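For reference, the structure discussed in these notes is given below.
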Number of protein chains: 2
Amino acid sequence: MNQQASYWIGALNTPRSCLNCQLGHLCLPGQSTFEQLARIEVAARQQITYNSKATIFSQWSPFTSFFIVKSGSVKTVHVNRRGDEKVLGFYLPSEMFGLEGVVNGTYGCTATAMERSTICRLNFEKLQELSCRLPSMQQWLLKSFSRELNNVERMTRWLSYSTAEERVVGFLLDISNRHRKRHLIENQFRLGMARTDIANYLGLALETVSRILTRLQKENAIRICGRHVELLDIELLRNRVSGENLQQMAAGTFDSASGQPHQSFVQIG
Amino acid sequence: MNQQASYWIGALNTPRSCLNCQLGHLCLPGQSTFEQLARIEVAARQQITYNSKATIFSQWSPFTSFFIVKSGSVKTVHVNRRGDEKVLGFYLPSEMFGLEGVVNGTYGCTATAMERSTICRLNFEKLQELSCRLPSMQQWLLKSFSRELNNVERMTRWLSYSTAEERVVGFLLDISNRHRKRHLIENQFRLGMARTDIANYLGLALETVSRILTRLQKENAIRICGRHVELLDIELLRNRVSGENLQQMAAGTFDSASGQPHQSFVQIG
DNA sequence: CGTCTCGTTGAACTAGTTCAAGTACCGTGG
DNA sequence: CCACGGTACTTGAACTAGTTCAACGAGACG
């Protein structure tokens, strides 16, 4: 084994390394070689743990990095001139946020941890430098943007032609899908956010959300107890939202793995 | 003058060249040198004229290029599984569309010319190759994506907390702003699209759009005659949409010039 | 000339909001 | 341990913005 390779292996041989991450590299470029991975880690990545309600970045503050949730959950909120707050998205492990900051050099929203959460911070400038040398990295960056663009557009369409019930059901199914993608139980989960946040996110009054949830429970489609949700009849739920492709509804949805299967790391040495 | 330089000048010395474009390079990277510009043109750019209602690209068809409107106007439409059509955006000269296609390798919507329009087609693969050698080009590509992301997010927020009147007024002011950016008369223009399209785009019933337009006319805020619009009292209109930053509301809005002033081309020879 | 698309206007209806009251829960401090 | 205050959530009743249905007018096109 040459010296170069052993250097990279050293860099990757830590408990916090991407190589040992429980997310199984859902978030990084699909065809990452061992060396590329190490370069990203050494040059650009930083791991930080935030307490519940801690701010990860603030709207208008200078853009430096984008972020990937490692554990916990995050919400992003935009405040407009009138002072109205709008919840833009919820982010679960493996999902990426903060991309909108590149163009203006400032973040377009405020990101807050919804519970104690560990976040990977990826320095954009350094990643960009790397991508000049690694074409697959450049490809990955552009694809990440395009994917997020698709997600937001899907969300826009969704909001524009769905009823209150479709929105709430769609929201539940979306969260469920995102749990499944991480190989977690898909029909039973805890919502990290308050009803107000869900309502705000879906463009509804919080009373409407509450009413719809209790109605769904009466129809035995779901069981809901505070923030704990159980989807009892997923087929019934799916039939309520026939219009749009629900597989990945929400703006928050980010999953590099979708589309192309992940390739294992290239063997070296 | 050396041979190299005269080659590039040759490439740019045509009536269809970016150098002679009436848009004044609103669409291309801000700090383009003469040589960069020529490389883009020779390698990646193609100019095509479409008749009214002609399809520029179709949803699901393979992604190859993105597009910039040179003259005329374009709408993008998404069709979901139920068959519902949703108008995603309207694009005026200098504005870019088709970016969402990168991630899946297929276009996410169908783009149609709303009138006889000339469109610049930029081959994505070739542009990507170029950007490996030209860092400013890579920067430009990423920024273009981020900008579009911002625009779509802004649209989503806009749709989620505005009333029907705010949407219609916001729409008119947005179109007006986009005309101003091209140094055209800002308070008098022709809408290229039907009421149905506006309504669909804004998530309203077409009757609602029609009613609001006539109401605004009765209040002497606008004068409307078919598709010809005159904004009589822009201040009054602005006061109706106090909440969101209106400067660049719509998803369709794309303007590379905003933010950083354009630099003139680098002198050579 | 009829036919077709596009736009306007009126009247009835309804999904979802707003206002208001009440309940359940949770941590804090006595 | 309970009392306290605050937040999160539910439920009811009144209201309204916007939709839906339906009729009609005006211009465009063969």
Side-chain angles (χ1 to χ4, degrees), chain A residues 51-53 75 84-87 90 112 114-116 158-172 190-219 222-230 240-241 243, chain B residues 51-53 75 84-87 90 112 114-116 158-172 190-219 222-230 240-241 243:
Chain A
N51 284 326
S52 181
K53 295 184 184 171
K75 71 170 175 181
D84 306 329
E85 289 197 351
K86 169 70 190 172
V87 175
F90 303 111
T112 316
M114 294 198 293
E115 59 196 297
R116 194 174 164 80
W158 175 257
L159 290 178
S160 82
Y161 46 38
S162 60
T163 63
E165 190 185 79
E166 284 180 301
R167 291 182 201 197
V168 173
V169 172
F171 173 74
L172 293 175
R190 211 189 96 85
L191 296 170
M193 65 298 281
R195 299 282 189 278
T196 327
D197 286 334
I198 301 174
N200 185 313
Y201 175 63
L202 297 175
L204 299 170
L206 80 93
E207 293 94 330
T208 308
V209 173
S210 182
R211 270 185 256 273
I212 286 168
L213 288 175
T214 45
R215 194 168 71 214
L216 290 169
Q217 185 162 31
K218 278 181 190 151
E219 298 175 35
I222 64 169
R223 179 153 47 216
I224 190 147
C225 178
R227 293 190 182 179
H228 183 87
V229 182
E230 200 174 332
R240 298 283 177 95
V241 285
Chain B
N51 283 327
S52 181
K53 293 184 184 170
K75 70 170 175 181
D84 305 329
E85 289 196 350
K86 169 71 190 171
V87 175
F90 303 111
T112 316
M114 296 197 293
E115 58 198 297
R116 192 172 166 81
W158 176 257
L159 290 178
S160 82
Y161 48 37
S162 59
T163 62
E165 190 185 81
E166 284 181 301
R167 292 184 200 195
V168 174
V169 172
F171 173 74
L172 292 176
R190 213 190 94 85
L191 296 170
M193 66 297 281
R195 297 284 189 276
T196 328
D197 286 333
I198 301 175
N200 184 315
Y201 174 63
L202 297 174
L204 299 170
L206 80 92
E207 293 93 332
T208 307
V209 173
S210 182
R211 269 185 258 273
I212 287 168
L213 287 175
T214 45
R215 195 168 70 213
L216 289 170
Q217 186 161 32
K218 278 179 192 156
E219 299 175 36
I222 65 169
R223 178 155 45 218
I224 190 149
C225 178
R227 295 192 180 175
H228 183 86
V229 182
E230 199 174 334
R240 298 284 176 93
V241 284

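Here is the naming used below: chain letters follow the sequence lines, and residue numbers restart at 1 for every chain. This structure is a prediction, so every number in the text was calculated from the model and none was measured.
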Measure the shortest side-chain to side-chain distance between [X] and [Y] over non-hydrogen atoms and say whether it is less than 4.5 angstrom.
{"X": "A/L213", "Y": "A/R195", "value": "yes"}
{"X": "B/S52", "Y": "B/R116", "value": "no"}
{"X": "A/K86", "Y": "A/N200", "value": "yes"}
{"X": "A/N51", "Y": "A/E115", "value": "no"}
{"X": "A/F171", "Y": "A/L191", "value": "yes"}

Once side-chain contact (heavy atoms from CB on, under 4.5 Å) is applied, do any residues pair with B/L206, and if so which ones, sequence neighbours excluded?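 With sequence neighbours excluded, B/L206 shows a side-chain contact (heavy atoms from CB on, under 4.5 Å) to B/T196, B/A199, given in chain and number order.
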
Side-chain N or O of B/T214 closer than 4.0 Å to phosphate OP1/OP2 of C/dT9: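 Indeed, a polar side-chain atom of B/T214 lies that close.
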
Between A/R195 and D/dA8, does any side-chain N or O lie under 4.0 Å from OP1 or OP2?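 Checking D/dA8 against A/R195, no side-chain N or O comes under 4.0 Å of OP1 or OP2.
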
Atom-to-atom span, [atom1] of [X] to [atom2] of [N] - whole angstrom:
{"X": "B/N200", "N": "C/dC6", "atom1": "CG", "atom2": "P", "answer": "14 Å"}
{"X": "A/R215", "N": "D/dT10", "atom1": "CZ", "atom2": "P", "answer": "14 Å"}
{"X": "B/M114", "N": "C/dC6", "atom1": "CE", "atom2": "P", "answer": "14 Å"}
{"X": "B/I224", "N": "C/dC6", "atom1": "CD1", "atom2": "C1'", "answer": "13 Å"}
{"X": "A/Q217", "N": "D/dT10", "atom1": "CD", "atom2": "C1'", "answer": "12 Å"}
{"X": "B/H228", "N": "C/dG7", "atom1": "NE2", "atom2": "P", "answer": "15 Å"}
{"X": "B/L213", "N": "C/dT9", "atom1": "CG", "atom2": "P", "answer": "10 Å"}

Describe the nucleic acid contact of B/R227 in one word from base, sugar-phosphate, nothing, applying a heavy-atom distance below 4.0 Å.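 Result for B/R227 = sugar-phosphate.
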
Taking only residues two or more places apart in sequence, or in another chain, which ones meet A/E85 in a side-chain hydrogen bond (donor to acceptor under 3.5 Å, both in side chains)?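 Scan of A/E85 (side-chain hydrogen bond (donor to acceptor under 3.5 Å, both in side chains), adjacent residues dropped) gives none.
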
Using the C1' atoms of the five pairs at each end, what is the angle between the end axes of the helix from C/dC1-D/dG30 to C/dG30-D/dC1, to 10°?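 Result, rounded to 10 degrees: 30°.
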
Contact state string [nucleotides 22-27 of chain C, B base, S sugar-phosphate only, - no protein heavy atom under 4.0 Å]: ------

Where protein sits on nucleotides 13-30 of chain D, one letter per nucleotide: B base, S sugar-phosphate only, - none, heavy atoms under 4.0 Å: B----SBBBB--------

Has the side chain of B/T208 got a donor or acceptor atom that lies under 3.5 Å from a matching backbone atom of B/L204?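 Pair absent, no side-chain N/O of B/T208 close to backbone of B/L204.
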
Is the backbone N or O of A/T163 less than 3.5 Å from a side-chain atom of A/E166, with the two atoms forming a donor-acceptor pair by type?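 A pair under 3.5 Å: yes.
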
Pick the nucleotide of DNA chain C nearest each of B/K53 and B/K218; which residue has the one closer to the 5' end?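 Checking each residue's closest nucleotide, the 5'-ward one belongs to B/K53.
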
What residue pairs, at least two apart or across chains, pass salt bridge (charged side-chain N to carboxylate O under 4.0 Å, His left out) with a residue in residues 197-209 of chain A?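 For residues 197-209 of chain A, and leaving out neighbouring residues, the salt bridge (charged side-chain N to carboxylate O under 4.0 Å, His left out) pairs sorted by first residue read A/K75-A/D197.
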
Determine, step by step, whether B/R190 and B/E230 satisfy the salt bridge (charged side-chain N to carboxylate O under 4.0 Å, His left out) criterion, reporting the C-alpha distance in whole Å, the side-chain angles of both residues, the deciding distance to 0.1 Å, and the verdict. CA-CA 9 Å; B/R190 213 190 94 85; B/E230 199 174 334; over 6 Å; no

